[in-house]
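What follows is a short report on a single structure.
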Amino acid sequence: MASNEDRMHVRRNGMDRSIRAFIAIAKHGNVTIAARDIGMAQSSLTKKLRQIEIEFGAPLFERLPRGMRLTNYGQALYRHAIEIDRSYSQAKEEIVAIKTGHVDLLRIGTGPSFSLLYMSRVLDQLRSEFPKTRLILSSPANSSYNERLLAGDLDVVVGRIEAEHLSDKITSTTLATFEHCLVIGDRKGIAHDPPTAADLLDFAWISYSESIEPEPALTNFFHAYGLQPPPLAVSTSSFNTALQLVAAGKYAMIVPNQFQPIVETSGAVAYPIETPLHAYEVGVSVRSSTARYPIVKRLAEILKIELAFGSKLGVER
């Protein structure tokens, strides 16, 4: 939540120098680069490392011809050192939240669905209420959002609640449950309304994600009819691209129900599916140390309103 300058100030003045020195060497595998990174003379850092190894009574690094590598002892210490670093930073964040309630920079992570459906209005409202806070929205690919929260790369995550990765250092607020609908463009030869899995066996299937494996909703749809899901023809994180393909040819995909108004404007058809294929909870996740910030609380409130009126998306907006 703090600015980069604030983070460096905390680490340089508050973080235990031994832990900070050790983490820098482990990160870079080179004393010279590590010393430059943390603003310490190379000779002082080398001396500090010797003191650390004496304190723990074990060699923490292998000295190689080109650099250094953690030993088994060093790897054990590194895991704890990272936790100490994170805990210190989060303690600082929480105290700042209690004292001032202000943040210079808010980094929000979200997936493509939320970016398309909601985030422009959420950001606009936040900007009007917190004009001194810079907002950064990103959609990190192939990475656990909760891991990035804990590492300090993100401050808030908006979207699917990663229940399988919950930590006691992360606070998650569920705001809604997303279910899915079937989307097709070419209805020729469709025998049933709504279509069954058998009607769609010869369709090319699109996964609205970056995964190369069928989504759980698609798998569940075909399994409900006793069929195996077909291989994916296209995987994309761009909903517009996926919808253009579906509207123009013999393609099909399964997307959250919230996309129905957009689908209807494209000429494709969205079929609500009576039996939920793959419901999941969505909401806001933050580090527990930043949950007190007014802007974080307000983000959740604004998003809750947007989700409640999600059926008005598309033509009505």
Side-chain angles (χ1 to χ4, degrees), residues 1-94 96 104-109 134 136 138-157 162 164-170 210-212 285-290:
M1 299 289 297
S3 67
N4 289 337
E5 290 183 0
D6 288 338
R7 287 190 177 89
M8 289 305 297
H9 178 78
V10 168
R11 287 185 178 133
R12 286 177 180 173
N13 294 282
M15 185 68 184
D16 181 84
R17 291 176 65 84
S18 295
I19 293 297
R20 182 165 54 87
F22 171 75
I23 291 174
I25 298 172
K27 174 183 176 182
H28 297 289
N30 183 288
V31 173
T32 302
I33 298 175
R36 187 183 309 126
D37 183 35
I38 63 176
M40 182 183 291
Q42 181 177 338
S43 59
S44 298
L45 183 56
T46 301
K47 181 179 179 180
K48 176 63 68 176
L49 176 57
R50 286 198 299 267
Q51 292 173 346
I52 298 171
E53 292 185 317
I54 291 172
E55 179 181 353
F56 285 94
L60 302 176
F61 292 92
E62 292 181 53
R63 276 66 172 177
L64 305 173
R66 294 185 179 180
M68 306 173 71
R69 180 172 59 197
L70 286 169
T71 63
N72 290 338
Y73 306 112
Q75 291 174 11
L77 177 58
Y78 184 74
R79 290 194 299 271
H80 292 286
I82 290 298
E83 286 302 314
I84 293 171
D85 188 12
R86 289 176 178 174
S87 294
Y88 191 93
S89 296
Q90 290 168 15
K92 178 67 174 180
E93 286 181 335
E94 189 163 359
V96 171
D104 294 327
L105 177 68
L106 186 71
R107 295 162 302 171
I108 306 168
R134 180 186 174 193
I136 297 180
S138 62
S139 298
N142 302 320
S143 176
S144 166
Y145 288 108
N146 283 350
E147 289 178 3
R148 295 175 67 91
L149 270 179
L150 290 174
D153 298 330
L154 295 173
D155 301 312
V156 183
V157 169
E162 296 183 5
E164 65 275 19
H165 299 300
L166 288 181
S167 162
D168 59 2
K169 295 181 180 179
I170 293 177
E210 295 179 343
S211 173
I212 61 173
S285 297
V286 299
R287 285 188 301 281
S288 301
S289 58
T290 63

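Rounded to the nearest 0.5 angstrom, L70 CG and L77 CG are separated by 8.5 Å. Note that CG of N30 and CG of L64 are 11.0 Å apart. Values are rounded to the nearest 0.5 Å. To the nearest 0.5 Å, atom CD1 of residue I54 and atom CG of residue L49 are 10.0 Å apart. Rounding to the nearest 0.5 Å gives a distance of 10.5 Å between CD1 of I33 and CD of Q42. Of the inter-residue distances, the one linking M40 atom CE with R20 atom CZ reads 5.0 Å to the nearest 0.5 angstrom. Taking OG of S285 as the start and CG of D155 as the end, the distance is 13.0 Å to the nearest 0.5 Å.
Among all heavy-atom pairs drawn from T71 and F61, the shortest one is CG2-C, 3.6 Å. The minimum heavy-atom distance linking I38 with A24 is given by the pair CG2-CB, 3.7 Å. Between S18 and I52 the shortest heavy-atom distance is O-CD1, 3.3 Å. Pairing each heavy atom of A21 with each of L45, the nearest pair is CB-CD1, 3.3 Å. Here the shortest heavy-atom pairing between A58 and Y73 reads CB-CG, 3.7 Å. Scanning all heavy atoms of the two residues, the minimum distance from L154 to L149 falls at O-CD2, 3.5 Å.
The salt bridge (charged side-chain N to carboxylate O under 4.0 Å, His left out) search around R63 returns E53, not counting sequence neighbours. For Y78, the ring-ring contact (aromatic ring centres under 6.0 Å, His included) criterion is met by no residue, not counting sequence neighbours.
Using a 4.0 Å cut-off between a side-chain N of Lys or Arg and a carboxylate O of Asp or Glu, D104 and R134 do not qualify as a salt bridge.
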